[in-house]
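Predicted model only: the values in this text are computed from it and were never measured. This chain uses plain numbering: 1 for the first residue, then up along the sequence. Just so it is clear, the values below take in all heavy atoms, side chains as well, and ignore hydrogens, waters and symmetry mates.
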Amino acid sequence: MTEIQALYQQVILDHNKNPHNFGTIEHADCSAEGLNPLCGDHINVYLNLEGDIITDIRFNGSGCAISKSSASIMTTLLKGKTIAEAEELFGKFHDLVTAEMDDQFDTDELGKLAVFAGIREFPARVKCASLAWHTLKSALEGKQITSTE
Ligand code: ZN
């Protein structure tokens with residue numbers, strides 16, 4: 001394992017152990033439930049909006065370290081962002097985890113999302129990493145439930 005891979009793995013383990021924004025929002029403006037039956041991941045995402053700005057975002061549920069850390073990192077990135085910015089980040093994240101192994105990315109631009117670059121090696125775990133993002137999208141679109149299958 002390279003030094004950078006080890007660092008990324010540590011970030012994932014840290015977020016799994018101490019997830020950020022873990023909990024619920026009572027009377028959230030929108031929320032959705034996400035399921036990844038392949039792995040057994042199950043998360044809920046809650047959002048409060050002011051106009052098109054995400055003023056609060058929380059998640060809860062249970063799942064593997066990848067799904068939980070991805071949700072945790074997503075919430076830290078999206079608080080205070082607009083819906084359009086959130087969609088743009090989802091696009092970048094999606095491109096990253098579905099890219100070919102030898103594709104190069106600008107890790108400065110990706111910021112914390114870069115920790116998921118290694119996921120490309122494990123196609124089965126891509127659904128774990130993207131579950132929170134798909135659930136967020138469902139919440140913003142007013143869908144109550146999303147499943148990766
Ligand atoms: Zn999983």
Side-chain angles (χ1 to χ4, degrees), residues 1-22 30-49 52-149:
M1 202 187 305
T2 65
E3 206 172 302
I4 193 89
Q5 281 172 323
L7 172 74
Y8 286 172
Q9 195 173 58
Q10 190 56 46
V11 172
I12 289 173
L13 292 174
D14 286 348
H15 274 272
N16 178 51
K17 212 168 150 196
N18 297 304
H20 296 208
N21 303 303
F22 191 82
C30 47
S31 65
E33 185 178 9
L35 299 165
N36 175 18
L38 209 66
C39 174
D41 307 319
H42 181 191
I43 70 162
N44 296 287
V45 173
Y46 306 89
L47 294 153
N48 273 343
L49 302 168
D52 65 347
I53 294 172
I54 298 168
T55 53
D56 201 5
I57 175 166
R58 289 175 189 273
F59 80 100
N60 66 14
S62 59
C64 65
I66 306 269
S67 65
K68 215 162 142 189
S69 61
S70 179
S72 173
I73 290 170
M74 180 186 83
T75 60
T76 63
L77 289 173
L78 296 187
K79 207 181 266 192
K81 294 274 196 302
T82 64
I83 291 170
E85 285 168 335
E87 283 169 352
E88 198 189 322
L89 270 177
F90 182 24
K92 279 182 193 164
F93 179 81
H94 190 262
D95 288 349
L96 176 72
V97 296
T98 56
E100 300 294 330
M101 269 321 283
D102 49 7
D103 285 354
Q104 295 296 318
F105 286 90
D106 182 345
T107 46
D108 285 343
E109 192 191 332
L110 284 163
K112 284 186 196 166
L113 291 179
V115 300
F116 293 102
I119 290 288
R120 287 178 286 170
E121 282 178 76
F122 311 99
R125 310 313 295 275
V126 168
K127 285 182 175 177
C128 301
S130 55
L131 178 64
W133 291 89
H134 284 292
T135 309
L136 166 87
K137 199 161 178 270
S138 295
L140 290 171
E141 289 171 353
K143 293 179 196 155
Q144 298 292 305
I145 193 152
T146 185
S147 174
T148 56
E149 286 198 320

Criterion side chain to side chain contact (heavy atoms under 4.5 Å, CB included) on F116 and V126, from CA distance to verdict: CA-CA 9 Å; F116 293 102; V126 168; over 6 Å; no
Would you compute the distance between atom [atom1] of [X] and atom [atom2] of [Y] and round it to the nearest 0.5 angstrom?
X    : Y    : atom1 : atom2 : answer
R58  : H20  : CZ    : NE2   : 12.5 Å
L140 : T135 : CG    : OG1   : 11.0 Å
I54  : L78  : CD1   : CG    : 5.0 Å
E33  : L35  : CD    : CG    : 5.5 Å
C64  : K127 : SG    : NZ    : 13.0 Å
I57  : N21  : CD1   : CG    : 7.5 Å

Heavy-atom distance under 4.5 Å between the side chains of [X] and [Y], does that happen here?
X    : Y    : answer
I83  : L49  : yes
L136 : M74  : yes
C30  : E141 : no
S130 : S70  : no
T76  : K112 : yes
K17  : D14  : no

Candidate list I119, N36, N16, test side-chain contact (heavy atoms from CB on, under 4.5 Å), partner I66, passing option: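 Running side-chain contact (heavy atoms from CB on, under 4.5 Å) over I119, N36, N16 with I66 returns exactly one hit, I119.
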Taking all non-hydrogen atoms of both residues into account, name the closest pair between [X] and [Y] and its distance.
X    : Y   : value
A139 : S31 : CB-C, 3.7 Å
P19  : F59 : CB-CZ, 3.8 Å
F22  : K68 : CE1-CE, 4.4 Å
A71  : I43 : CB-CD1, 4.2 Å
D41  : G63 : OD1-CA, 3.4 Å

Sidechain-backbone polar pair: S67 side chain, C128 backbone, donor-acceptor under 3.5 Å: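 Not a single qualifying donor-acceptor pair exists.
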Test salt bridge (Lys or Arg N to Asp or Glu O under 4.0 Å) applied to E121 - qualifying residues, sequence neighbours left out: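 Applying salt bridge (Lys or Arg N to Asp or Glu O under 4.0 Å) to E121 gives none.
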ring-ring contact (aromatic ring centres under 6.0 Å, His included) partners for [X], two or more places apart:
X    : value
F122 : none
Y46  : none
H42  : none
Y8   : none

Neighbour count >12 (heavy atoms, 6.0 Å) for atom NZ, K137: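 12 or below, so no.
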Acceptor/donor pairs from residues 84-96 side chains to any protein atom, 3.5 angstrom cut, sequence neighbours excluded:
residue : atom : partner : partner atom : Å
E85     : OE1  : T82     : N            : 2.9
E85     : OE1  : T82     : OG1          : 3.4
K92     : NZ   : E109    : OE2          : 3.2

Distance-only donor-acceptor check, side chains H15 and S69, under 3.5 Å: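 No, no side-chain donor-acceptor contact under 3.5 Å.
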